[in-house]
Amino acid sequence: MTSLLKVEGLSVHFSGLKALDDVSFELEAGQVRAVIGPNGAGKTTLFNAISGYARPTAGSVLLEDTEIVHCSPHLIAEKGLRRTFQNGGLFAALTVLENVMTGLHTQTPGTFFDVLLGRRKAVEAEIEIREKARDLLKLMSMDHMADTPAGDLSGGQQRIVEIVRTVASEPPVLLLDEPAVGLSPVARQQMMEIIKRLSGEKGVGILLIEHAVELVMAAADRILVMAAGARISEGTPEEIRSDKAVLEAYLGHA
Amino acid sequence: MQTSTGTLSKRRRIFWLVPLIALALPLLTNPYTQFIANAMLIYTLVTLGFSVVIGNLGQLAFANTAFFGIGAYASAIASTNLGLPWLATVPLAGLAGAFGGFLASAAALRGIRLYYLAIVTMAFGELMRWFYTHTGVLTGGTDGLPVSRERDFGLALTSDTVQFYVFLIITCLLVAGTVNLLRSRIGRAIIAVRENEIATASLGIPTSQIIVTAFMWSGFIVGIAGAMFALHTGRVFPESFGLTQLIVNFAMVLVGGLGSVAGAVLGAVALTALPEYVRAFPGMEEIFFGVIVMVVLLVMPKGLASLLARVSPIFQQRYHRD
Ligand SMILES: Nc1ncnc2c1ncn2[C@@H]1O[C@H](COP(=O)(O)OP(=O)(O)OP(=O)(O)O)[C@@H](O)[C@H]1O
Ligand SMILES: [Mg+2]
């Protein structure tokens, strides 16, 4: 069986600093793989390298057997690998609904001239994705906020809308960079439910960066542990829990 | 808050009342006020094009006067040197302006942003002005270049009233096209690039293409405004496209309201009319003009469009911060 995402020997060196050093792993459909490690371990850099935002100095990334390592971010996203951002990536001035609609941009038919001339094709496409975006918000019980500017939402609501926007196009691979940070315990639990539902029901392969160990242990099928840019361990939550190297490098501090 | 899309687009039809009422305007004007009304239509396009780039796309690009001049000279050159009727020069002016937009976007795409982009694009405008002045064979140099108002598909373009109707049609079409663009996925992507370019790309949106599109559309409509300006004044001069023009255009965008179509119309109309009123104070026009602009911006930092936003949610501005 070929895997959805195959990362091999991926490295990112910033003028001497090995932010990411020779990291390899695979991700299968319907799998949640957590990436954990202390601050500065290189987790976000790993996401950046996979999604085209950081130029890898070595290594390869195969998305459904296609090499994407030198593709630009928008091409990678179009191929079906989408991500969220650690600092949040919503468009504050657009409404919640419009934010989700931007997530459907690549699936909206109609050329520049169709749009310019107000041709029926473009008008109908617009109505269609508006409805679709509304339905997606309804699934997450966020439809009552549809016409609110995204910048007016609470931090937790923003996290949820960003995920709705990112999965709107139903990408097979999803990279979530600390989606539960700043959320209340209840909201964190909800976020983990959402993540499990995406992988379980839709078969999305998910890479998840998360600091809260108990959440990771509950949500992840496999865990990749990083420190100082390198992979120090890999395995199921049980294996990781009892791994000496991990305890020393990471969990030991807690 | 909860306004369904259907009622919003129905209510938007009300906007067609504005040009409909304007149709009757020549009944009320004298030759002098008709001339001013024509200028308002020209500056509506100039302001709208500028606003798309600095308001919606959020790029601090000041190449607007360059687009305006390129359009005006394209029209005059095609008229004088190629003997084309004015109407036929209009699309050429638009394409020339769009090419100017493409050049300006190239600077933005090279990673030149913010103040650097401001300076580079202003230099572009000044370079064009130098070009108009020093390539006399083509542009007539400081003597300017005339635009023929004669042979034009039977239209008596020498008449300001006829010009008004022609300008009104062109302006309405281009404003409608701009509204279509801005309300589409392209318009959302343009704002998304302003808000967070990195996140925009993560949604599969080709951000460079969006930036080029916004600049070229801006150049296109401002270029056409240039052709209208050439016809309106009858002769184009390099001085018309200098820093003063740029500052006045910038003021129109700000007074109307950044990134708002209705604001662009209001800003252009208000600041085209204003100099005619301050003319009553000879020698102090610029001071009055400047002070009034400052007061408006102090009282209404989001421009005249913010007054409209209180009346109807249709006018809500897509500016969250500031
Ligand atoms: N563009 C860059 N230029 C130079 N150094 C960088 C760059 N991006 C990241 N780094 C460095 O790479 C290292 C790893 O950073 P990264 O953001 O990947 O950590 P992280 O594991 O996501 O940490 P956190 O848990 O705090 O988010 C850090 O030392 C950081 O300073
Ligand atoms: Mg990080």
Side-chain angles (χ1 to χ4, degrees), chain A residues 51-53 72-85 87-95 97-99 101-108 110 112 114-119 122-123 125-127 129-131 134 144-152 162 165-166 168-169 171 175, chain B residues 1-6 8-9 12 55-56 58 98 173-214 216-217 220-221 258-260 313 316-322:
Chain A
S51 55
Y53 287 96
S72 57
H74 79 87
L75 266 181
I76 294 174
E78 210 185 310
K79 285 181 201 286
L81 185 149
R82 299 219 173 173
R83 65 170 294 181
T84 62
F85 294 87
N87 304 321
L90 284 190
F91 310 124
L94 291 179
T95 66
L97 188 70
E98 289 169 329
N99 265 279
M101 288 168 82
T102 57
L104 293 162
H105 183 97
T106 53
Q107 305 188 334
T108 318
F112 173 84
D114 291 335
V115 167
L116 180 68
L117 303 174
R119 289 203 183 120
V123 175
E126 180 76 11
I127 293 171
I129 63 158
R130 193 170 285 270
E131 287 313 309
R134 211 175 271 282
H144 62 292
M145 302 299 265
D147 297 318
T148 310
D152 289 349
E162 193 178 354
R165 184 181 79 180
T166 311
S169 63
L175 274 53
Chain B
M1 230 19 253
Q2 292 270 2
T3 38
S4 88
T5 339
L8 265 189
S9 49
R12 280 199 178 92
N56 294 75
L173 290 177
L174 293 176
V175 170
T178 307
V179 169
N180 283 347
L181 279 181
L182 293 180
R183 285 174 52 210
S184 73
R185 64 177 180 140
I186 296 172
R188 274 191 300 277
I190 288 173
I191 295 179
V193 165
R194 175 190 86 207
E195 296 287 296
N196 190 334
E197 195 172 333
I198 287 173
T200 307
S202 81
L203 301 169
I205 300 174
T207 49
S208 309
Q209 205 176 306
I210 293 293
I211 292 172
V212 173
T213 304
M216 287 185 71
W217 178 251
F220 182 74
I221 63 178
L258 264 178
S260 155
Q316 236 150 39
Q317 271 166 285
R318 321 300 209 87
Y319 262 85
H320 191 255
R321 288 161 305 189
D322 71 58

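When reading the values below, keep in mind they use all heavy atoms of this one structure, side chains included, and skip hydrogens, waters and symmetry mates. In what follows, chains carry the letters A, B, and so on, assigned in the order in which the sequence lines appear, proteins first and then strands, with residues in each chain numbered from 1.
- Between chain B and the residues A:Lys79, A:Glu78, A:Met101, the most heavy-atom pairs under 4.5 angstrom are made by A:Met101.
- Listed for the B:Glu195 side chain is a donor-acceptor partner under 3.5 Å among the backbone atoms of A:Ala93.
- Between A:Ala77 and B:Gly204 the shortest heavy-atom distance is CB-N, 3.3 Å.
- Summarising the geometry, atom NE2 belonging to A:His105 is positioned 5.0 Å from atom CD1 belonging to B:Ile210; distances are rounded to the nearest 0.5 Å.
- Looking at A:Thr102, the atoms closer than 4.5 Å to chain B (heavy atoms on both sides) sit in the backbone and in the side chain alike.
- Scanning both residues, A:Tyr53 and B:Ser202, for their nearest heavy atoms gives OH-N, 3.0 Å.
- A:Gln107 CD: more than 12 foreign heavy atoms inside a 6.0 Å radius.
- When each of B:Asn196, B:Ile205, B:Thr200 is checked for heavy-atom pairs under 4.5 Å with chain A, B:Ile205 comes out on top.
- The closest donor-acceptor contact from the side chain of A:Arg82 to the backbone of B:Leu203 lies under 3.5 Å.
- Under a cut-off of 6.0 angstrom, the local environment of CD1 in B:Ile198 is sparse, with at most 12 non-hydrogen atoms contributed by other residues, nucleotides or ligands.
- Residues B:Ile186 and A:Phe112 form a side-chain contact, since some pair of their non-hydrogen atoms from C-beta on lies under 4.5 Å apart.
- Looking at A:Ile129, the atoms closer than 4.5 Å to chain B (heavy atoms on both sides) all sit in the side chain, from C-beta outward.
- At least one donor-acceptor pair under 3.5 Å links the side chain of B:Arg185 to the backbone N or O of A:Thr108.
- Side-chain contact between B:Asn180 and A:Leu116: absent, with no pair of heavy atoms (C-beta onward) separated by less than 4.5 Å.
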